[in-house]
There are 2 protein chains.
Amino acid sequence: MSADLHAIVATRLHADGQRYTPQRRRLVDILARAGSPLALPQVLRGGRGLAQSSVYRNLVALERAKVVSRVLTEEEFGRYELAEDLTGHHHHLICENCGTVEDVTIPAPVEATMRRTMTKLAGETGWSTVGHRLDLIGTCRDCG
Amino acid sequence: MSADLHAIVATRLHADGQRYTPQRRRLVDILARAGSPLALPQVLRGGRGLAQSSVYRNLVALERAKVVSRVLTEEEFGRYELAEDLTGHHHHLICENCGTVEDVTIPAPVEATMRRTMTKLAGETGWSTVGHRLDLIGTCRDCG
DNA sequence: CTCAGTGCAAAGGATTTGCATGCCG
DNA sequence: CGGCATGCAAATCCTTTGCACTGAG
């Protein structure tokens, strides 16, 4: 799967006129290995010799290429994960206390109902919807 | 309704050992009048002579008293609105392009299903959920 | 008189940008 | 060669904090 992942990422970056450099490959590996959204310090810890500013720049580049997405929590900083269409559609459990974020999926029927409702809703309000974000706020096993 | 609102706010602040000062009353009025989450500059514009730092401090105070809540968007700053139980449970339409946020409500049955699903999900994962956040990301009438 | 609230200026912290250098295409 | 990528340091921007002052109980 790793090889496929890199191939897809390469394609998307090239489609956006960008290169798939070693550092970007490392970032993708780090995020893929993590399996849940990482804050910047965690990303830096994931690989030695990464310059903070370059990591930020590369995350922006990867985000523009639809390879990575920035996740918002209650914390004062962002977290990053691989784009949904690379890992599968999912939602987040966010711990109010320690900020940890964990991925979850909800039953397909519920998901479908929600999606239908939202599309309809968007139409009624005159907006065009491109997606949704559903987060569960609570306390994790360790903090609960 | 305005009188009731202020009465409730006063009660909650007092319950938290805080005062309902003129400035806080103004903030509540501004947010109530807006009807959608406001960024700080908009709040400041809403009333003359408000010191930025005091507004931040008072928003924190109001948040602690469960009168105001901070809303996360894709923007690099927060937006503020009156707490849900004062205005009714709702979700947000967030414009990817200009950052505007608009309130929406979804049909009660769908809401109920979601709530049920999430409670169940939380149980299965060992987390305790206190709430959820559902945002629709898209483009607004003006930007679309 | 006491203590929360306020304003101003300075500090903090995440993220971005300027600039010189390195390297892939 | 030409231009994107990288690292370092400096700059930004939102938000928080220190401190002195005011005002309500």
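Lettering follows sequence order; numbering is per chain, from 1. On a predicted model such as this, the values are computed, not experimentally measured, just so you know.
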Over how many whole Å does the gap from [X] atom [atom1] to [N] atom [atom2] extend?
X	N	atom1	atom2	result
B:Gln18	D:dA24	CD	C1'	16 Å
B:Glu75	C:dT15	CD	P	16 Å
B:Asp16	C:dA4	CG	C1'	13 Å
A:Leu44	C:dA14	CG	P	11 Å
A:Arg26	D:dA5	CZ	C1'	14 Å
A:Leu27	D:dA5	CG	P	13 Å
A:Arg19	C:dG22	CZ	P	16 Å
A:Arg64	C:dT16	CZ	P	12 Å

Basic-acidic side-chain contact under 4.0 Å: [X], [Y]:
X	Y	value
B:Arg12	B:Asp85	yes
B:Arg133	A:Glu74	yes
A:Glu102	A:Arg141	yes

*Take the C1' atoms of the five end pairs on each side of the helix from C:dC1-D:dG25 to C:dG25-D:dC1, get both axes, and report the angle to 10 degrees.*
30°
*Is there a donor-acceptor contact under 3.5 Å linking the side chains of A:Thr21 and A:Gln23?*
no
*Does the side chain of B:His91 pick up a donor-acceptor pair with the side chain of B:Glu111 at under 3.5 Å?*
yes
_Annotated protein contacts, base or backbone, on nucleotides 6-15 of chain D with a non-hydrogen cut-off under 4.0 Å, one of B, S, - each_ = BBBB----SB
Closest heavy-atom contact between [X] and [Y]?
X	Y	answer
B:Arg79	B:Thr73	CD-CG2, 3.7 Å
B:Ile94	B:Leu72	CD1-O, 4.0 Å
A:Ser69	A:Leu82	OG-O, 4.3 Å
B:Ala32	B:Leu5	CB-CD2, 3.9 Å

